[in-house]
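Some notes on the structure that comes next.
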Protein chains: 2
Amino acid sequence: MNSSISNMSKFTGSTSEFIAQTLRIAIFKGKYKANQPLRQDRIAKELNVSKIPLREALVQLKSEGLVVFLPNRGAVVSMLSPAEVREIFSMRLALESLAVEKAVPNIREAELIRARSVLKIIDREKDKSTWSDLNREFHEILYKPSNMRLLLNTIQTLHNNVGRYLVIYLDRLSGTEASREEHWGILDAYKEKNIDKAQSILKTHLGKAEEHLMRFLGEFSEVD
Amino acid sequence: MNSSISNMSKFTGSTSEFIAQTLRIAIFKGKYKANQPLRQDRIAKELNVSKIPLREALVQLKSEGLVVFLPNRGAVVSMLSPAEVREIFSMRLALESLAVEKAVPNIREAELIRARSVLKIIDREKDKSTWSDLNREFHEILYKPSNMRLLLNTIQTLHNNVGRYLVIYLDRLSGTEASREEHWGILDAYKEKNIDKAQSILKTHLGKAEEHLMRFLGEFSEVD
DNA sequence: GATTATACTATTGTTGAAAATCATAATAAT
DNA sequence: ATTATTATGATTTTCAACAATAGTATAATC
């Protein structure tokens, strides 16, 4: 995925999509933090765009859960409550289990090989930011054979919604060793076409990620 | 739920929400059919609004799957492919099962009573349009105790996305008798706090609805 | 000190118009 | 007659300047 985009010219697609993607990345990178207002004229000037596509982008981000509109006070980066974090992980488990169920029977050798090569890179990778990207890619490879565009979209959105915190607390992310084992385990399960096994490992995988994030958010709110 | 709204004055909330809700209902009622373009200046004049909130509303509807944007050709009412219908029902089953799981332990006597009274009205109801509303209300009552705002939102969106066809083919909807039995069965399962039973009935319930819609869409596309 | 008045800031929404793109009709070429 | 090319018109997409409104902070008044 293309990280940062400086100007519109390199971007194919509408202006509002360009803005949405730019803001999405800015939120991920922590440029805009939770509860921070997104000032329209400032952003419009910064990106050299007008209000119409900008507001369209903000509505789009609202629908993705990254932004909340306060009436007459504009858009602010949303802050997930602990309950919402749990909610999102529950939904992810339900939907990603479905993706696994539908994808396992369809997966091909080529995709398994690609997944394995991604895992091998992950094992060596030190930089947590690209580690996060590779992590996403791994799961994408395994879900795509479900051939369910809408499902993949929704999973991606939910993943983004909790994943944006990753960048902030990624430095002290320690549990990556266990995470690695789980990745290999899921890949094994795919090779064996064992849906139950893949789903079961996915469950512990997501469960750990959830607990990590919950603990982090706990500290975070105490400090603040 | 408030059916049609003639003008903005009666509406609390932003203009774009008003437009979105108006268009949503118009799509449900079949005023705008699948693949039909949504002309901006026409709608803007019709509703006495300007472009900014109108486009915001269209982006919102896009995020709900009711509308698709064709580059430089504007928004058209989306047409679900058979594969997408199956996809949505799969997602609904996964998410509504989750809602059941989380709601059953929390449901109270008062809500069970309300659900039962809704079912009794449904049993007598002849008008299919209000039948559809009551049907939605019944499921809402049973899901709400999950206390998962985001989940309920997503379920609602998915329901809308297939439910809009209901209005068109509701007249010849025959399988309502079986549907009634399933409703009472789900309610029973809730009373017994039997999650598995509730989920199992839900599965056949959604499965039948899916087959109905698939068959209808089959005929529909042949005629066209 | 609490309350009201006032100025300021930002959103929200309107209006009008320019630029870009697509579909279609009209025209020219093979 | 069929294909290519070129206008034409319609519509989206975006911009820009402005009005109205609500929220916030500051100053004035009781």
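In what follows, chains carry the letters A, B, and so on, assigned in the order in which the sequence lines appear, proteins first and then strands, with residues in each chain numbered from 1. Every heavy atom of this structure was used, including side-chain atoms; hydrogens, water molecules and symmetry mates were not.
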Set out, line by line, the N/O atom pairs under 3.5 Å between protein and nucleotides 8-10 of chain D.
none

Sequence neighbours excluded and cut-off under 3.5 Å, please list the side-chain donor-acceptor pairs for residues 46-55 of chain A, or say none.
from, atom 1, to, atom 2, distance (Å)
Glu46(A), OE2, Lys31(A), NZ, 2.7
Arg55(A), NE, Glu56(B), OE2, 3.2
Arg55(A), NH1, Glu56(B), OE2, 2.9

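Contacts of Asn106(B) classified as side chain to side chain contact (heavy atoms under 4.5 Å, CB included), with partners at least two apart in sequence or in another chain: Pro145(B), Asn147(B). For Glu17(A), there are no salt bridge (charged side-chain N to carboxylate O under 4.0 Å, His left out) partners at least two apart in sequence or on another chain. Considering only residues two or more places apart in sequence or on other chains, Thr154(A) meets the side chain to side chain contact (heavy atoms under 4.5 Å, CB included) condition with Leu95(A), Leu150(A), Leu158(A), Met91(B). Contacts of Ala115(A) classified as side chain to side chain contact (heavy atoms under 4.5 Å, CB included), with partners at least two apart in sequence or in another chain: Phe138(A), Ile141(A), Leu142(A), Leu187(A). Applying the salt bridge (charged side-chain N to carboxylate O under 4.0 Å, His left out) test to Glu137(B) and every residue at least two apart in sequence or in another chain returns Arg114(B). For Arg73(B), the salt bridge (charged side-chain N to carboxylate O under 4.0 Å, His left out) test picks out no residue, with sequence neighbours left out. When the side chain to side chain contact (heavy atoms under 4.5 Å, CB included) test is applied to Pro37(A), the partners found at least two apart in sequence or on another chain are Arg39(A), Val76(A).
Each side chain to side chain donor-acceptor pair (under 3.5 Å) pair with one or both residues in residues 82-91 of chain A, not counting sequence neighbours, appears once here: Ser81(A)-Glu84(A), Glu84(A)-Arg149(B), Arg86(A)-Glu210(A), Arg86(A)-Glu211(A).
Using modelled atom types and a 3.5 Å distance limit, the side chains of Glu64(B) and Thr157(B) yield no donor-acceptor pair.
Running 5' to 3' along DNA chain C, contacts with non-hydrogen atoms of chain B at under 4.0 Å begin and end at dG13(C) to dA23(C).
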Tell me, for nucleotides 12-18 of chain D in 5' to 3' order, what letter each nucleotide earns: B for a base near a protein heavy atom under 4.0 Å, S for only sugar-phosphate near one, - for neither? SBBB--B

